[in-house]
Amino acid sequence: MSEVVNASGGGGGGGGGGEVPQNMTIYINNLNEKIKIEELKKSLRAVFSQFGKILEVLAFKTLKHKGQAWVVFEDTTSASNALRQMQGFPFYDKPMRIQYAKTKSDVIAKADGTFVPRERRKRHDDKGKKRKDQHDANLAGMGINPAYAGAYGATPALSQIPYPGGAKSMVPEAPAPPNNILFIQNLPNETTPMMLQMLFLQYSGFKEVRMVETKPGIAFVEYGDEMQSTVAMQALQGFKITPQNPMLITYAKK
DNA sequence: AGCACA
């Protein structure tokens with residue numbers, strides 16, 4: 001009788017899984033602890049940005065927090081899709097374990113006006129409290145959203161979705177004929193083969209990624225046949241690992 | 001195993 005109604009719709013019924021209520025942030029553990037924090041965060045971004053706009057990825061190397069990360073989405077729908085679809089996903093040879101985060105992320109709290117700095121959170125009965133609350137409530141009521149207006153205001157959520165046909169403007173003059181091997185360009189220099197594998201593995205027929213150490217920014221991705229490579233190319237054309245690097249995918253030259 | 005906000 002106490003079923004919680006899911007405001008975002010969707011969701012199927014039975015949900016096994018978590019006792020933690022929905023959250024815009026997912027908590028991931030069972031991550032490979034040998035991976036350096038920066039690479040880990042980049043790879044998480046690469047794999048999760050397909051579900052929606054990511055506001056932040058957090059991970060720490062302290063003993064209490066190794067092997068764990070938080071990925072903050074801008075809405076709970078993105079977070080729940082990510083949770084369902086990536087549950088158990090083999091990531092650096094270990095299956096991800098994903099739950100909703102137990103508490104709201106600071107970046108979200110700052111955006112909705114409920115953020116309370118942690119240092120002040122001690123035990124302080126402040127008497128000027130009402131005034132401040134009123135002020136914050138006013139801002140929130142007016143729909144003023146400093147975090148979004150500042151850092152994210154100009155970026156539509158759809159920017160992460162690979163353009164269906166719009167990628168043509170980025171396709172070079174002389175396209176190579178279909179090939180089961182794809183040629184990827186305009187990758188950020190920090191891109192690793194693992195990051196690409198995790199993106200391209202989603203499409204059937206995936207065989208392998210090859211990168212040339214001496215030539216940063218490019219890669220080759222091989223599929224079983226041209227049909228499969230074409231599906232992957234169209235799906236990931238223009239995909240941005242970083243905002244300034246929409247990937248350019250063409251068929252490799254034979 | 002482990003739920004933070006460098």
Side-chain angles (χ1 to χ4, degrees), chain A residues 4 6 8 11 15-49 51-124 126 129 132-133 135-137 139-140 144-153 155 157 160 188 190 241-243:
Chain A
V4 175
N6 196 341
S8 310
E19 295 128 38
V20 186
Q22 281 197 329
N23 195 306
M24 296 179 186
T25 303
I26 53 173
Y27 167 76
I28 307 164
N29 65 5
N30 198 42
L31 294 169
N32 189 328
E33 299 178 10
K34 287 173 291 191
I35 308 305
K36 295 183 301 293
I37 292 296
E38 292 159 47
E39 178 182 347
L40 183 73
K41 295 210 282 189
K42 271 175 192 153
S43 297
L44 287 168
R45 222 172 240 284
V47 171
F48 280 105
S49 59
F51 299 103
K53 185 164 175 53
I54 293 173
L55 303 186
E56 196 172 22
V57 177
L58 294 160
F60 311 89
K61 52 170 173 256
T62 56
L63 311 87
K64 194 182 175 195
H65 301 293
K66 280 198 295 190
Q68 300 155 78
W70 289 260
V71 177
V72 187
F73 288 96
E74 74 173 349
D75 53 59
T76 53
T77 304
S78 303
S80 45
N81 286 337
L83 186 150
R84 300 260 165 117
Q85 294 194 38
M86 298 302 284
Q87 190 63 266
F89 185 84
F91 191 73
Y92 294 107
D93 300 321
K94 300 187 70 179
M96 289 187 184
R97 294 283 114 88
I98 313 176
Q99 297 169 261
Y100 292 111
K102 284 181 179 161
T103 59
K104 187 190 286 186
S105 295
D106 283 0
V107 64
I108 300 294
K110 283 171 184 165
D112 69 15
T114 59
F115 179 67
V116 179
R118 218 162 270 94
E119 300 115 12
R120 292 196 174 184
R121 257 204 129 198
K122 297 210 163 183
R123 38 167 86 187
H124 267 313
D126 45 325
K129 183 170 182 285
K132 185 184 184 339
D133 284 354
H135 177 68
D136 289 348
L139 289 179
I144 292 176
N145 211 320
Y148 284 111
Y152 309 107
T155 310
Q160 290 294 339
E190 322 82 55
I241 289 180
T242 68

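The basis for the numbers below is simple: all heavy atoms, side chains too, and nothing from hydrogens, waters or symmetry mates. Lettering of chains follows the sequences in order, A, B, ..., and the numbering in each one begins at 1. Just so you know, these numbers come straight off a predicted model, no measurement behind them.
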Quick one: salt bridge (charged side-chain N to carboxylate O under 4.0 Å, His left out) partners of A/Lys94, sequence neighbours excluded? none
For A/Asp106 and for A/Lys66, locate the closest nucleotide of DNA chain B by heavy-atom distance; then report the residue assigned to the nucleotide nearer the 5' terminus. A/Lys66
Send over the distance from A/Lys64 NZ to B/dC3 P, rounded to a whole Å. 6 Å
Taking any heavy-atom pair under 4.0 Å as a contact, classify A/Ala59: base, sugar-phosphate, or nothing. base
Quick one: do the A/Glu39 and A/Tyr92 side chains pair a donor with an acceptor below 3.5 Å? yes
For A/Ile98 and B/dG2, give me the distance from atom CD1 to atom P, rounded to whole Å. 17 Å
Can A/Lys104 and A/Thr114 be counted as having a side-chain donor-acceptor contact under 3.5 angstrom? yes
Pairwise ring-ring contact (aromatic ring centres under 6.0 Å, His included) hits with a residue in residues 23-43 of chain A, at least two apart: A/Tyr27-A/Trp70
Under 5.5 Å between ring centres and under 30° between planes: true for A/Phe60 and the base of B/dA4? no
Trace of the side-chain hydrogen bond (donor to acceptor under 3.5 Å, both in side chains) decision for A/Tyr100 with A/Thr76: CA-CA 10 Å; A/Tyr100 292 111; A/Thr76 53; over 6 Å; no
Rounded distance in Å - CD (A/Glu56) to C1' (B/dC5): 7 Å
Polar side chain donor-acceptor pair, A/Asp75 to A/Ser78, under 3.5 angstrom: yes
Whole angstrom is fine here: how far is it from NZ in A/Lys41 over to P in B/dA6? 10 Å
Between the side-chain atoms of A/Thr25 and the base atoms of B/dA4, is any donor-acceptor pair under 3.5 Å? no
Heavy atoms within less than 4.0 Å of DNA chain B: which residues of residues 26-38 of chain A have one? Give them sorted by number. A/Tyr27, A/Asn29, A/Asn30, A/Glu33
Find the distance A/Lys61:NZ to B/dC3:P and express it as a whole number of Å. 20 Å
d(CD, A/Gln22; P, B/dC3) in whole Å: 21 Å
May I have the distance from A/Arg118 (atom CZ) to B/dA4 (atom P), rounded to whole angstrom? 9 Å
Figure out the NZ/P separation between A/Lys104 and B/dC5, and round it to whole Å. 18 Å
Can you tell me how far CG of A/Leu31 sits from CD of A/Glu33, rounded to the nearest 0.5 angstrom? 8.5 Å
